[in-house]
Amino acid sequence: MPPGDAPHRATADELAALDALTGDGSWDLDGRAIALRHLDKVLFPATASTKAVTKRDLVRYYATAGAAAVPFLRDRPVNVQRFPNGVTAAGFWQKQLPGHAPPWVRRWTNPGAKPGDSEVYAVVDDTPTLVWLGTQGVLELNGWTSTAAAPDAPTWALIDIDPGPETAWAEVLLLAQLFRRALDQLDVRAAAKTTGQRGLQVWVPVADGTSFDHTRAWVERLSRLVAAVVPDLVSWRWHVDQRRGRARLDYTQNARNRTLVTPWSPRPRPGAPVSVPVPWDLVDAAAEAGGAPLQFTVADLLAGGAPAVDPLTPLIGLQQTLPDLG
DNA sequence: GTGGACA
DNA sequence: TGTCCACAACGCCTC
DNA sequence: GAGGCG
């Protein structure tokens with residue numbers, strides 16, 4: 001699929017065919033035949049506030065959310081977290097694409113792989129590939145920050161607000177707002193997304209050719225400026241037990257083959273939370289409400305409960321030079 | 001979820 | 001034939 | 001250099 005083309009979103013007919021499948025079968029999605037088994041297997045058990053999510057639900061989610069998620073994955077190697085027996089059983093990371101993947105899954109060979117390293121990565125260029133990963137029990141996708149064409153050149157600078165055990169959600173929101181204020185003053189465009197857990201991230205699009213050394217140093221610098229405003233909320237200690245429960249602003253993810261969870265990826269946690277881009281006005285509203293939750297689940301999104309606007313998609317490919325921070 | 005290495 | 005097993009690993013930091 | 005950290 002050429003870059004810029006809208007990825008496929010499952011049609012009503014395709015979804016009806018998925019619902020009608022009993023037992024093992026093959027599902028035709030956008031011209032690709034996807035083998036499906038154990039569709040009623042529970043991958044996320046029910047919680048007090050959520051219903052169980054089955055493999056059929058997950059496939060349906062990927063088939064519909066692919067239209068939003070694939071633009072963030074396209075042309076990038078992907079690292080995945082797999083839970084073939086559901087989120088309550090042991091899972092594992094996978095980088096190397098198994099040889100039995102369908103031939104239409106795009107492959108990228110890492111020229112920087114050392115002996116013993118993963119060499120062949122999947123590239124999620126279309127919705128059927130995403131759905132196939134779902135059939136393999138992929139419950140979290142981590143796309144590279146750089147592209148297959150230029151693996152040493154990030155396209156995003158990533159700000160990761162990682163709360164400690166003593167960090168309140170309202171404080172996470174405050175930190176995000178402080179980043180936003182700083183970015184506004186610098187005339188830098190960026191958008192936030194939930195992580196599906198307790199943190200928030202701010203993604204900053206950067207111009208082609210920017211280096212990881214540059215994005216990492218820039219995010220560290222900006223994070224230290226923000227932390228100086230609220231020194232009691234942030235710790236710069238390396239060891240967890242020396243952070244006194246405070247938040248960490250983790251700039252070190254800005255490196256080759258270091259990844260953060262992809263927008264619209266589920267998280268392998270009870271309730272099937274999803275990492276969702278959120279407009280700044282939603283961050284502000286949650287903060288003004290004293291720390292109202294900003295949490296979206298697979299079930300919420302299947303029911304059409306996403307924010308009305310995805311503020312991150314319009315930033316894809318924005319050629320932005322990071323300003324000098326003095 | 002799947003294939004490969006063993007018994 | 002069945003059962004066990006693998007399926008990631010970089011840069012930063014402290015000691 | 002080893003090991004924690006994410």
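This is a predicted model, so every value here is computed, not measured.
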### Residues which pass salt bridge (charged side-chain N to carboxylate O under 4.0 Å, His left out) with A/Glu220, listed by chain and number, not counting sequence neighbours
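Applying salt bridge (charged side-chain N to carboxylate O under 4.0 Å, His left out) to A/Glu220 gives A/Arg224.
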List in chain and number order the residues that pass side-chain contact (heavy atoms from CB on, under 4.5 Å) with [X], two or more places apart in sequence or in another chain; answer none if no residue qualifies.
| X | value |
| --- | --- |
| A/Pro205 | A/Trp156, A/Leu315, A/Leu318, A/Gln320 |
| A/Gln185 | A/Arg181 |
| A/Thr88 | A/Pro45 |
| A/Ala150 | A/Thr147, A/Ala153 |

### Task
Side-chain contact test, heavy atoms from C-beta onward, threshold under 4.5 Å: evaluate it for A/Arg106 versus A/Thr129 and give yes or no.
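Result no, sub-4.5 Å side-chain heavy-atom pair not found.
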Under 3.5 Å, which donor-acceptor pairs do the side chains of residues 90-104 of chain A form with other protein atoms, sequence neighbours left out?
unit_1	atom_1	unit_2	atom_2	d
A/Gln94	OE1	A/Arg82	NH1	3.2
A/Gln96	OE1	A/Glu119	N	2.8
A/Gln96	OE1	A/Val120	N	3.4

### Residues within residues 134-149 of chain A bordering DNA chain D, heavy-atom distance below 4.0 Å
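Those residues whose heavy atoms fall under 4.0 Å from DNA chain D, taken from residues 134-149 of chain A, amount to none.
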#### Entry: Any residue meeting side chain to side chain donor-acceptor pair (under 3.5 Å) with A/Thr313, in chain and number order, not counting sequence neighbours
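Side chain to side chain donor-acceptor pair (under 3.5 Å) check on A/Thr313 returns A/Asp310.
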Determine the interatomic distance between [atom1] on [N] and the same-named atom on [M]; round to the nearest Å.
| N | M | atom1 | result |
| --- | --- | --- | --- |
| C/dA6 | D/dG6 | C1' | 23 Å |
| C/dC10 | B/dT2 | C1' | 28 Å |
| D/dC5 | C/dA8 | C1' | 15 Å |

### Task
Anything under 4.0 Å to a heavy atom of chain A counts; send over the first and last such nucleotide of DNA chain B, read 5' to 3'.
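Range of nucleotides touched by chain A: B/dG1 to B/dG3.
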### Message
For nucleotides 8-15 of chain C, give me one character per nucleotide, 5' to 3': B if any protein heavy atom sits under 4.0 Å from the base, S if the only such contacts are to the sugar-phosphate, - if neither.
### Response
BSBBBBS-
### Task
Please state how far atom CD in A/Gln81 lies from atom C1' in C/dC7, giving the value in whole angstrom units.
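The distance from CD of A/Gln81 to C1' of C/dC7 comes to 12 Å, rounded to the nearest Å.
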### salt bridge (Lys or Arg N to Asp or Glu O under 4.0 Å) partners of residues 45-57 of chain A, not counting sequence neighbours, each pair once
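Every pair satisfying salt bridge (Lys or Arg N to Asp or Glu O under 4.0 Å) with a residue in residues 45-57 of chain A: A/Asp40-A/Arg56.
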Output side-chain donor-acceptor pairs under 3.5 Å for residues 275-295 of chain A, partner residues at least two apart or in another chain, one line each.
unit_1	atom_1	unit_2	atom_2	d
A/Ser275	OG	A/Lys193	NZ	2.7
A/Ser275	OG	A/Thr194	O	2.5
A/Trp280	NE1	A/Ala190	O	3.1
A/Asp284	OD1	A/Gln177	NE2	2.9
A/Asp284	OD2	A/Arg180	NH1	3.1

